[in-house]
Amino acid sequence: MADTNDIQTFVKPYLVPEGSELLNRSLETMAASFAVTDDKIREIISGMHKSMKTGLDHDDPDALPMIPTYVSGRPTGKETGTFLALDLGGTNLRVCQVTLKGDTTYSLVQQKFTITQEAKEVRLWDFIAECVGVFLEEHDLRPQPGKRTIPCGYTFSFPIYQTGIASGNLSMWNKSFSVPNSVGRDVVNLTQSAFQRHHVPVEVVAVLNDTVGTLMTSGYSHPDTQMGIIFGTGTNAAYWESLENIGKWSGPDRKGEMVVNLEWGAFDNATDVLPYTSHDNKLNRKSSNHGLQVFEKMISGLFLGEVARNAILSLVDQRLLFAGRSSEILNKSYTFDTAYMSEIVADTTPDLSTVKVVLEGTLDIPPTSLIDRKVVQHVCNMIGARGVRLSAAAMSAVLLARPELLTSSISVGIDGSMYQFYPNFERDLYAVSRVFLGHAFVDNNLKLHLAKDGSGVGAAIVAMTVDRDRQG
Ligand code: BGC
């Protein structure tokens, strides 16, 4: 099939006619390197399908992890009860008390604790126990009469190889976490031991990835949900797969279905198909998980700003931007927040006044010209557009992997800061998906839903089903 978006289509919008020829040549090269043409997306989809198939069949370090989650019952929307849920994300720990109302709706009381750097690097488990202790005390929660503990669902937003519904070994840290003596160990045990040390009467009855929580929450309100996605600090997805297709599943049941956690951030770490640039490589080389989670580093909120910073500095170094001057702030890693990118790409003022505030006010760059500001906006747009096109490619790949689903209406539950706050992210996801899933299908049958706080609510839903099964 002919490529409907060749490189030229991607390059043109990023030129600055009033800028020098040299500047425009550099922008052209940069835009071409970040371009994700339709043909490229087709290549990515087929690469992803291969990797998913291998990962479902056996564990292979070069393929997607495709982790069976032990979650095998779809929510009906009729579940009721009040449950405790913990949601450990990349930035915050949320402790929630979730009430499922049985009519596809829920309410929640939650307390958000920002995860300190010390917790990320040293004492995460004690930090979690302390926060849960505070929540129980402030909300006066205790075990039901006759019980010693409060059952709790636990969303854990890092890759764990599950060995049961309430056990799983951490395969690696990412998102700048590096708590020692944790990799390879059961995260539920580590958390539960901290609860004991801190006399917190809580028992984790289910552990799940945040994408699984998002899938379950969306399924509670929209029973046709087939997939849960996080486009946030990190990125990943989970979907319903038929057990017959999970070759590596060694449990007793081979019929029915199970949620599989793709851990798609690990797609194509070898960068065989991804449009990987020197700016990505610079980030990757300096990261604590060098060579891992490469796809995630190209699309998620923790990293996009840093890729943009690298690209901007490359133009400064060529003396094509800010008259060759940077600032102390901009010279430091991770100072160009992805939230600044959102502000910059959303600026429609004729003199790009928001861009000016971010560059001069926040990043302390010497007075900028309008050309400088246009260039920065273009760079952010190139990297943001690449992110959303890659995101849509991954979502389309998963849906296309189960073509039987594409005959009826389906919902996808999504949460995360990129989906919520990056300008036009959802609109562009729909637009790109149309090309690969078909216009009629996307317009009539595909619904993307924000599953806000989905990971916490999903943990409560799974905890509820486990608790129900236990009581027989
Ligand atoms: C983690 C996933 C998680 C995703 C979204 C990634 O860094 O590996 O387990 O689902 O972030 O939070």
Side-chain angles (χ1 to χ4, degrees), residues 51 55 61 63-71 85-94 112 115 120 124 153-162 168-179 182-184 187-188 207-218 227-239 259-269 283-284 287-304 306 338 387 390-391 394-395 398 412-422 425 450-459 462:
S51 193
L64 282 167
M66 307 301 288
I67 303 169
T69 61
Y70 293 77
V71 173
L86 286 188
D87 174 14
L88 179 77
T91 318
N92 297 308
L93 171 74
R94 287 196 175 85
K112 199 161 91 175
I115 306 169
K120 288 183 183 179
L124 181 69
Y154 186 14
T155 305
F156 198 80
S157 311
F158 298 88
I160 53 172
Y161 277 97
Q162 291 203 231
N169 301 327
L170 181 68
S171 78
M172 64 172 165
W173 285 120
N174 50 37
K175 295 187 275 206
S176 307
F177 279 56
S178 57
V179 188
S182 310
V183 172
V187 299
V188 176
V207 63
L208 49 148
N209 188 258
D210 52 355
T211 56
V212 181
T214 303
L215 174 64
M216 297 305 275
T217 305
S218 178
M227 190 176 173
I229 311 181
I230 302 283
F231 290 122
T233 309
T235 185
N236 186 19
Y239 74 114
V259 175
V260 171
N261 166 13
L262 280 109
E263 285 296 335
W264 74 18
F267 173 62
D268 194 26
N269 283 338
L283 177 155
N284 194 6
S287 63
S288 56
N289 56 355
H290 176 211
L292 301 175
Q293 299 292 101
V294 169
F295 185 59
E296 175 168 73
K297 288 171 183 161
M298 296 169 85
I299 67 175
S300 77
L302 181 59
F303 303 105
L304 280 197
E306 181 64 1
T338 304
L390 292 177
S391 302
M395 181 178 83
V398 176
V412 175
I414 311 183
D415 199 2
S417 49
M418 290 301 292
Y419 181 67
Q420 279 194 73
F421 306 123
Y422 196 82
F425 195 90
L450 173 67
K452 197 154 165 38
D453 302 320
S455 20
V457 177
V462 178

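Quantities reported herein were computed from a predicted structural model and do not represent experimental measurements. In listed order, ligands and their atoms are each counted from 1. Sequence positions, counted from 1, serve as the residue numbers for this chain. Below, each value reflects all heavy atoms present in this structure, side chains not excepted, and no hydrogens, waters or symmetry copies.
- When only modelled atom types and interatomic distance are considered, S287 and K297 share a side-chain donor-acceptor pair under 3.5 Å.
- Close approach of ligand 1 to N209 (heavy-atom distance below 4.0 Å) involves ligand atoms 2 (C), 3 (C), 9 (O), 10 (O).
- Those atoms of ligand 1 with a heavy atom of Q293 less than 4.0 angstrom away are 7 (O), 8 (O).
- Nearest to atom 12 (O) of ligand 1 by heavy-atom distance, out of D210, I230, N289, is D210.
- Among all heavy-atom pairs drawn from P65 and L262, the shortest one is CD-O, 3.4 Å.
- Here is the list of ligand 1 atoms found below 4.0 Å of a heavy atom in E263: 1 (C), 2 (C), 8 (O), 9 (O).
- Within the structure, the closest approach of P159 to ligand 1 falls below 4.0 Å when heavy atoms are considered.
- In this structure, W173 and F156 have tilted ring planes: the angle between them lies in the 30° to 60° band.
- Of the possible donor and acceptor atoms, one in the side chain of T155 sits under 3.5 Å from a partner among the backbone N and O of S455.
- Under 4.0 Å from ligand 1, the heavy atoms of T235 that appear belong solely to its backbone.
- Ring pair Y419/F425 is perpendicular by interplanar angle, where above 60° counts as perpendicular and below 30° as parallel.
- Close contacts of ligand 1 with F158, meaning ligand atoms under 4.0 Å from a residue heavy atom, involve 9 (O).
- At least one N or O atom of N174 sits closer than 3.5 Å to an N or O atom of ligand 1.
- Nearest heavy-atom pair across T214 and A451 is CG2-CB, 3.7 Å.
- The closest protein non-hydrogen atom to atom 11 (O) of ligand 1 is K175 NZ, 2.9 Å.
- D210 and S157 share a side-chain donor-acceptor pair at under 3.5 Å.
- Checking G228, S176, G234, S157 against atom 1 (C) of ligand 1, the nearest heavy atom belongs to S157.
- Under a 4.0 Å criterion applied to the non-hydrogen atoms of E296, ligand 1 contributes the atoms 6 (C), 7 (O), 11 (O).
- Counting all heavy atoms, side chain and backbone alike, I160 lies closest to L170 at CG2-CA, 3.7 Å.
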